[in-house]
Each structure stands twice: as structure tokens, then as C-alpha cells.
Amino acid sequence: MEYNFSEIEKKWQQHWTKNGSYKVSNDTGKPKFYVLDMFPYPSGAGLHVGHPLGYIASDIYARYKRLKGFNVLHPMGYDAFGLPAEQYAIDHGIHPAVSTGDNIKNFRRQLDNIGFCFDWDRQVLTSEPSYYKWTQWIFLQLFKSWYDRKQNKAMPIEELVRLFETEGNKAHPSPGDPRLRFTAEEWAAFDRRRKEDILMNYRLAYCGYGEVNWCEALGTVLANDEVINGVSERGGHPVIKKKLRQWYLRITDYADRLLQGLETVDFSDAMKEMQTNWIGKSFGAEITFEVRTPGVPGQTTLAPADSTRIGAGSRGKSDAGTAGAGEAGEGTAAPHALTVYTTRPDTIFGVDFMVVAPEHELIEKIVSPEQRQAVEEYITYVKSRSERERMAEKKITGCFTGAYAINPFSGLQIPIWISEYVLAGYGTGAIMAVPCGDERDFKFAQHFGIPITNIIGDFYNGKEANPTKEAKLQNSDFLDGIVMRDAIVIVINKLEKRGIGVRKVNYRMRDAAFSRQRYWGEPFPIVWGGDEQSEVPERGRAQLGHGSIAIPLDEKELPLELPHVEKYGPGPEGEGPLANVASWTARHLETNTMPGYAGSSWYFLRYMDPHNEEVFCSRQASDYWGQVDLYIGGTEHAVGHLLYSRMWTKFLFDRGFIGHDEPYKRLVNQGMIQGSSRFVYRLELKDSTTPPIFLSYGIRAIEGTPEFHELVTLAVRNIAGDPALELGTISLSQLHVDVNIVDGVELDTAAFKKWRAEYANAEFILEEGKYICGVEVEKMSKRLYNTVNPDDLVNKYGADTFRMYEMFLGPVEQSKPWDTKGIEGVHRFLRKCWRLFFDENKGKVWTTEKATEAELKTIYKTIKKAEEDTERFSFNTGVSALMIGVNELTELKCHKKEVLEKLIIILTPYAPHVCEELWQLIGNEGSVLDAPYPKVEEKYLVESAKNYPIAINGKTRTEMNIALDATQQQVEELVLADDVVKKWLEGNAPKKIIYVKNKMINVVV
RNA sequence: ACCUGGGUGGCGGAAUUGGUAGACGCGCUGGACUUAAAAUCCAGUUUCCCGCAACGGAAGUACGGGUUCAACUCCCGUCCCGGGUACCA
């Protein structure tokens, strides 16, 4: 009876489906455990061997926890909305719903092949109306909420309206427009439109104008984390900045809590670091400088209207930076004022110039007549430069405005410059430049010949800036002699006392752009209009919102279903495809759709209660399942999905819809499986009549040498049948070849000829009779022909082997190139394991005899190690422990049920199919998954003696078997009597003998 | 540039708290079984030196220093590779 894995696996997969073996109940007496995978985007390419790595790890852990007596939730679903399906629809004319459905079928088939214990009854599909109904519902709650900074939590917007009615907004300044101030009376006097505009500045999901990342090729806006190096993450198309009306999530209000929350969760330090950097919290001060422009008389104070002006909608965070400009703190009546943000107010006496962003609104007001033309030219130049150019070549550019700021402490005049190195979107869009302490300021000063003031003495060498905080200040008036670190607080206090500066915290993170001009996403449950006083523009849909009010759909109308379209092109004014749907625009529905991360921001909650039609997830279900205990996925979602879903969780917690405010208790990042590409080397000949000729790797390696030329010439003459053929210069091109037709590095030349029609008559120049390919590790991608499909491996070796091999490859967290060559070893292991029960010739060999001490010792040792390793996600060593166990039992010729039964249980998380089969074959009822995990009986593991390594001066020289309870003195006597030790002592007495019980013995000579 | 993870045999990797470096597997070499092959089993396999062999010796975890009875592990400096961020004041 042999190990027929394909039959066994088919049998048990059917059995599991038929019996609902993995159905999970919300109602058991067992403790809960929630194991979650990042659900996949069902792409057309299907799974390659890299995808299941995390799923296998979580599956093993889920099964292990079930054996340990937990009620384990281990669900799976699909993140089905998104750009690629729409792009595919544009290219092939297939509706996204159709292609997505096909892809899901393929994914499901591939997943089922591997034998996961997912509860498919709980599957979620983000593009299903029954799911996105609740995505829309949560969006509405965000829309109807604001963030109360006093209580530090989200509150219903009605509360805010009540506050405005009684006390205006003095206690709650607008996060969208900090200068906005009004009293209760003023509020009462505003018309409906004005009130809605103001409320929009508070809502957690809001609509506003902002500079966004616009990708022309994709025809949509992208979030910051979807833009890599100035090009789109998907497709690598150029991205420019564009002002557009957009929906945003006010994630910046949660910045602090997102940071604090990191302390309560078990993520890797690297992951925490990434999120912390992305949020980018910094402490410092805003300082206001008076501005003088020589030759500009009668500079006026700020128009009071400026402080109550309300923009259309709110501003996107990216232009919020200019908010502070022009306002000089309270009570200052400077002609013009420039506010900067700095983390180093201690360097105030080292300020040699100021720099404002080219987009800064103060520029036109302060520029001197002489400099006006130069400034305008510079601004034109900056506008002409795309984001990409700015990143590619970091030139030092800038222009003097002709205006000066007055240092509030020294009274000195400081020239104000404009430069593109200062970003409008961060801080106040203006900085005070301290060249002796900041590298960028230093380079700028050097480039434009601006004199540099040294305030840090010897710490500054005149050749480069030194950002130290440890120097004692010099040339700094009242700060002289004070260490910079301490001077920061002193300066801030002084600034605040004088009313020209405030302590200020800044974040790098911006509010998240939450709309896309696309079709395949959740429609916004928002209607524009409803304002009796201002008519809705006739066809200006791109401008919708400008002259109208965003009205949320009644929750009873959800889901607002995505209408069917035939064309996916943009609308008449650059809006999304929904603008072409007559019934849609007739209702004045929002034409944008939600971005890809909307559905994935809360899916882990839906799994808990997937069929509930009353709520997104009942409080009872979310209280029972609580946090995800183990979340496994890739690092690529570090700053996108992970931050958004953490924010949504906090929001739902604030509003009382769930009882926990961090979604994931523990996060494990699986590494990437890289592809191992193979190359062939094609000879490029002018004479195109010869068949394609390929050189083996070793021959290519000597390219350029005379031998190479001779060899190739000879071979080509032979192939062409022309002994006089002259080749001229020989050149080679390197081509990717499908890894699946290469065995190790040796090309299957017959398969290669079949691979491409053009290679059907290919000729090869071999080395030692073989064609050897070049090798390189690259990202696994279809384009590079280095993808390996799990289906083929599962067919050849079985799912159990495949699962174990993926784990055996190395630590889950580590990235590693895929290599199939070791899979035989794992397969051999499973067969060896099978032979403990059944022999190919003899049949049944397992018995019910009583186990020996040695056998029990082996099995308990194995259980202990496998358990420890599984517990700490060290699955590769877990597999190794099981191998050692089986090797030892084989050596002991142990075929006893008493022992083997335990082996089956601890092996089943790794190799579920074969274990179910064996469990049944040795006469057990039911599933091995319902068996209890065996307890380690320590008494079999206790040793009375140990083989101690004996080291001389730390270098191991011999071994001695010594009783574990030996005393120092006994050990010394035994050791000194040993021949090897005597040899090393050469008759001398040892200086010292170190005896670490149960570890080692070291003799110091 | 900054932050971050890493660098161990021919290969993937192990060494969990400073305590026998190279577990386990692949590959390779030799052998057994077989007419033969597959499968299986046994032995060997870090490098170098001596030797028929046993035994023995030296070096060895990217590189250079240090702490320690003892360092892959801790500290300082250098190099290389992967990931993240990228003018964030």
C-alpha cells in the first residue's frame, strides 16, 4: 500500500467540503482565535508560488490553534474593485464584473488545490452590492462625523451643529480652515449653503479642492502611497500635480492615535518605523516675522475678510500649508508678516535668509518692483517642471524677492528668497534658513553667495552644515553659552510671551484622497444639489459641488448600485465614466467612485458576521471575535491599507459601533518569493538566412577572446553548411527563457524549440553536450518568464508536499528566490512517514504494541520542538523537527499506534490531507482536527547525564559524559583526569575551570 | 542621503537567553539491492595540513578592532546586499 497523494488529497478535499469541516460558529464555549490573511486582488494571472506563502503559514497556525482547543476564524475573500480590471475592460471590452468573476473562479480552484481550511461560507467580495452597501454606509458615518480634538474622538456632526448654535466655533477651530471664526449669532445668520460649506471643513469624509496626484494615462487621481518616484505604482505612468475637486478622509486627525496605537500592537519594528516615518510627527514652532519691502510704500494690514473667508468646500491638506502665511499670530499688526515652521527655534540667531515656496500667496504682495520680473520668470520656470523632473535632477534654484524679514530678536534684516526646495504643502510653506545647521540651506547659501553666520563655533567647519543639538550657542545674544537642545524651549517660551510664535506639532502625512475618476469602484452615496438658493449648474459636472451641497443618501437607499456601462472612457469634463450614464447624472449623483482601499479598510469585520443584512457587523459578533489575533501579509501595504484600516477601526470604535480600536493584535509580514530567471544567449548575425543560434552560458562567458571567435565561427559555418562563411563582428543578445523548460540550469532544447514558433529550427552551441542557461534573481513576473505555477507542483508532488516545502524554504518573513530543487526532499519525508504505517510490499505495519521509553522520548521531544516552532512562526525549523522525529522513529523501527497517533496530530497542520487519511486508517473516527494536541510528558525528556563539550580556552577539544547533578568539585576532578585535558595542560595546573550546568565546561590554561 | 533588515558550506538554511558553528533538506561522491532503471537503504561531504587509515592539527560565520573564561550572537569602525522614505525645515 503506497502513498497515493493525489487520491488521498482529492478524497479529503471533497470530504471537507461535503461535511463543512471548516465551518466556524460564532457561538461556542471555546476561546476564540482570529487568523487573517490579506485578501488577494483576483488578477487574471492567477496564483504563482509566491502568493500562497502567507496563506500556508496562516493555515498551519489556524489548524494548530484549532487542535489546541480554540474556535478559530480563518476566512478568505477577494478585494475585487480596482484599476486593473477596468484597464482590462478597456483593452478587451470585457465587463469588469465578468473578468473578475472568471478570475475568482480560477483563484478559488488554485486555493482549493492547496487544501486551506478557510470557511468559504464567510467569503467577502468587495464588489458585491451586499458588501459595498456597508462600505457606503461607513462612508456616510464618516461624512456625518467630525473629530472633537478636545475629547480626542469622532463625534456626530449634529453635536457640532449644536455647539455652533450655542457658542460658535471658538472652542473648535476648523481643521480645514484654521482662520475661520464665527459666533453663535453669526452662525444663525449664515444661509444653508454657507453652513454646509463650513461643516464640510469638519467632516471626516469631506469634499474639497486640492492638489492631487493626477495620472493622465490612467485618467485618475492616485493616493500618495500609490505614487512611486513620480510615476504610478501600477503601470509606471507619469504623475503630475493637478487641482481637482476630490473626496478626502481626514486621517490627519487620527495621526496621533495612529502613532500611539503602535505601542499596543505586536508589529515588527521595521513596520512600526515605516508607519511612524509616514506619519512624520515633528515638534517645533511657528514663528512670525515682520516683512519690509524697500520701495513699496503704504503696505496695508491684512484684510479682515481674510480671516473669515470660506473656500468652496474645504481645502485639501496639500494646500492647507499656506494657511498660516500672512497671519501674524494674534494681535500683531505688522504691515506684512511671514510665518515659518521650524523644529529648531534655537537657531534663530543663525537665520541668514528666508525661503518661501513658489506657490506661496504672500509673494505677490511683498515682491519689490525691481525683482518682480525675475520672480515671475522663476515661478514660470518652476511650473514648467514636472514632479518627475524635480525629483530626477535636484538643481539648486531660487530667486530673491527684494523683500526682507525682520529677526524679532536681533532686528536684523533677512532677505526673503523663493525656491522650489521649500514645499507649499508642508508646515507653512516657508522656512527660516540656517545654513550652518542645515545641509539644504547651506548649499543654497553657497550657491547664491549668501553670507553664513556661525552660531555653533567649532561644530561648524565652513565646509558643510552640522545639524547638531549639542553645541553651545554663540553669536546668539541671550542664548550664548546655552546648549542648543535646551535653548529650544527658552526661545519658544519667549516667542509665545511676545505673541509672535507658537509651539507647533506638524505631520508629514496628508489627508487621504478618497475619490477616483473611475468606474470599477464603490459609488458615493452622495447627491449634489438641494440648495434652493443657488441653482445647480446645467452641465458643469466637473464643477459640481462648487455651486451646490453634498447631500447624503438616506441609509435605506443603500446600496447605491454601480450602474452597468458599455464604455469606460472619462466623462465630458474629465470626470469618471459614471458621468456618461444619463440616469446617474439626472439624479445629480456623485460621479467619482471610491478608491481601492475603501473595501479593504473594514473587511476583517465583515468576516465576523458576513450575512447580516441589518448592520455591517453585529456588536455581538465583533465583541466575540474582537481583534485579529494574527494578520499575515506583505510589507507593501505598510503605509496604505494598514493605516487606513487602522483609522476606520478607530473611527468605528469612537462612534461605538465596535468595541476595540486597533484591528490587528499581531502582524507578521511574509517575505517576497523572488523569481529565479533563466537566460539564453542568441547570436545576432547579419545573415538572416541561418536559423537562430544560441550559445551556452559558458561559451558566452569567454566572449571577446580569440578562442570564442574561432569556436563560434566554426560552429556557425557548420550550421550554415558554408565552410567559407565570414561572420564579421559577433554580438549576442540575452533573452529570458521560461524557467519551466529549464531543469536547474540546463535547457530542455526540445521544449525550447516548441516554446516559440520562431525557435522551431533553433541551433545550439553546447558545452559538454549541454545547454547551460544564465541565472539571475528578479521579481517574480509573467513578463520575465520566471513564474512557477503551484498547480504543476501540486499535481506532481501533492498539496501536502507543496505546503511543507514552501515552509521549509526558510523563515516566512524572509524574501528568497524560488527554487524547486529541494521539493523532492520534503516529498521523500512524507513517504517515509507513510512507511511507518504501511509498507509497499508488506502492507500494514503499524501495531498496537506498547511503546518503549526510547520511542516515547523521541515523540515527546518532537512534539515539544514542533509546538515551540509553530508557536513562534518558525515553520521551517518546525518541518525540520518533524523530519528528525520521523528519522528517529524509522531508526527505532517504531510502528506503534500509541506513538504514531501523536505524530499525526502534530503533523496535520502542515500536511492535513495525508494526516486525515492515516488517522482514519489506524482506526479513528472523525477528523484529526478535532483531536486534542498531545501534551508533552516531561518525565520522558529528563536526562540524568549530559555529554558535555570540554573546551580548552574556549575551543572545544573533547566530550565527557557527566551526571547533571555533578558539583563543581566533582566536575573538576573528572575533567582533570581526562587524557585530552592532560595533554593540553602539559603538566601545569589550570588557571580556572568554568562549569555551566547543562551547557559546557571550559578549562582555562 | 536618512531610516530599516540582513551578510554563516556548492545551495536553501539552523544555532530561541553569550556556551559543541554548519541542525534539517538539496546537491555531490562512494557503496548495497537490481539483468537494468526507478524507488529505497548505508557511508561520506566547511576549508586547509599530516597520513593508507584511525587519530591528530590549523583556520573558519563579509572585513578590521574591542569586551569576555567563552562571540555568528554584545560594543566601535568599514564594505556589500535587500526593503522603506526621499528636498517634510
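Reminder, nothing fancy here: chain letters follow the sequence lines and each chain counts from 1. The structure displayed is predicted, hence computed values, not measured ones.
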**OP:** Take atom C1' in G83(B) and the same atom in G66(B), then report the distance between them in whole Å.
**Re:** 31 Å
Original post:
Just checking Ser874(A): base, sugar-phosphate only, or nothing, at a heavy-atom cut-off of under 4.0 Å?
Top reply: nothing
**OP:** Sort out the partner of U85(B) for me: Watson-Crick or G-U wobble, both distances under 3.5 Å, none otherwise.
**Re:** A1(B)
Original post:
With a 4.0 Å cut-off on heavy atoms, is Val1004(A) in touch with a base, just the backbone sugar-phosphate, or nothing at all?
Top reply: sugar-phosphate
Original post:
Which comes earlier along RNA chain B counting from the 5' end, the contact point of Tyr948(A) or that of Asn876(A), where each point is its nearest nucleotide?
Top reply: Asn876(A)
Subject >> Upstream residue (5' side of RNA chain B) when Ser282(A) and Pro817(A) are each assigned their closest nucleotide >> reply: Pro817(A)
Original post:
So what does Thr635(A) hit on the nucleic acid, given a heavy-atom distance under 4.0 Å: a base, only sugar-phosphate, or nothing?
Top reply: nothing
Original post:
Are OP1 or OP2 of C55(B) and a side-chain N or O of Arg957(A) less than 4.0 angstrom apart?
Top reply: no
Original post:
In the strands shown, is C63(B) matched to any nucleotide by a Watson-Crick or G-U wobble pair with both distances under 3.5 Å, and which?
Top reply: G77(B)
Original post:
How is Lys865(A) classified with respect to the nucleic acid when contacts are heavy atoms under 4.0 Å: base, sugar-phosphate, or nothing?
Top reply: base
**OP:** May I ask you to decide whether Lys865(A) forms a salt bridge with Asp869(A), counting only side-chain N to carboxylate O separations under 4.0 Å?
**Re:** yes
**OP:** Using only side-chain N and O atoms of Asn887(A), determine if any of them is under 4.0 Å from OP1 or OP2 of G25(B).
**Re:** yes
**OP:** List the atom of Phe808(A), the atom of Asn876(A), and the distance in Å for their closest heavy-atom pair.
**Re:** CD1-O, 3.8 Å
Original post:
How would you label the contact of Trp834(A) with the nucleic acid (heavy atoms, under 4.0 Å): base, sugar-phosphate, or nothing?
Top reply: nothing
**OP:** Compare side-chain N and O positions of Arg831(A) against OP1 and OP2 of U40(B) and report whether any pair is under 4.0 Å apart.
**Re:** yes
Subject >> Pair Glu888(A) + Lys861(A): basic N to acidic O under 4.0 Å >> reply: yes
Original post:
Can you tell me if the side-chain N/O atoms of Ser815(A) get under 4.0 Å from OP1 or OP2 in G6(B)?
Top reply: no
Subject >> Chi-angle category of G51(B) [syn within 90° of 0, anti beyond] >> reply: anti
Original post:
Is there a donor N/O on one and an acceptor N/O on the other, under 3.5 Å, for the side chain of Lys999(A) and the base of U17(B)?
Top reply: no
Original post:
Should we say atom CD of Glu938(A) is surrounded by more than 12 heavy atoms from elsewhere, each under 6.0 Å from it?
Top reply: yes
Original post:
Using purine N1 to pyrimidine N3 plus N6-O4 or O6-N4 for Watson-Crick, or N1-O2 and O6-N3 for G-U wobble, both under 3.5 Å, which nucleotide pairs with C28(B)?
Top reply: G44(B)
Original post:
Side-chain N or O of Arg828(A) less than 4.0 angstrom from OP1 or OP2 on C26(B)?
Top reply: yes
Original post:
Phosphate oxygens OP1/OP2 of A89(B): is one of them under 4.0 Å from a side-chain N or O of Tyr426(A)?
Top reply: yes
**OP:** State plainly whether the residues Glu286(A) and Arg503(A) are in salt-bridge range, i.e. N to O under 4.0 Å.
**Re:** no
Original post:
If you look at every strand shown and take non-hydrogen atoms under 4.0 Å, does Lys955(A) touch a base, only sugar-phosphate, or nothing?
Top reply: base
Original post:
Heavy atoms under 4.0 Å, any strand shown: does Ile884(A) hit a base, just sugar-phosphate, or nothing?
Top reply: sugar-phosphate
Subject >> Phosphate contact (G5(B) OP1 or OP2) by Gln814(A) side-chain N/O below 4.0 Å >> reply: no
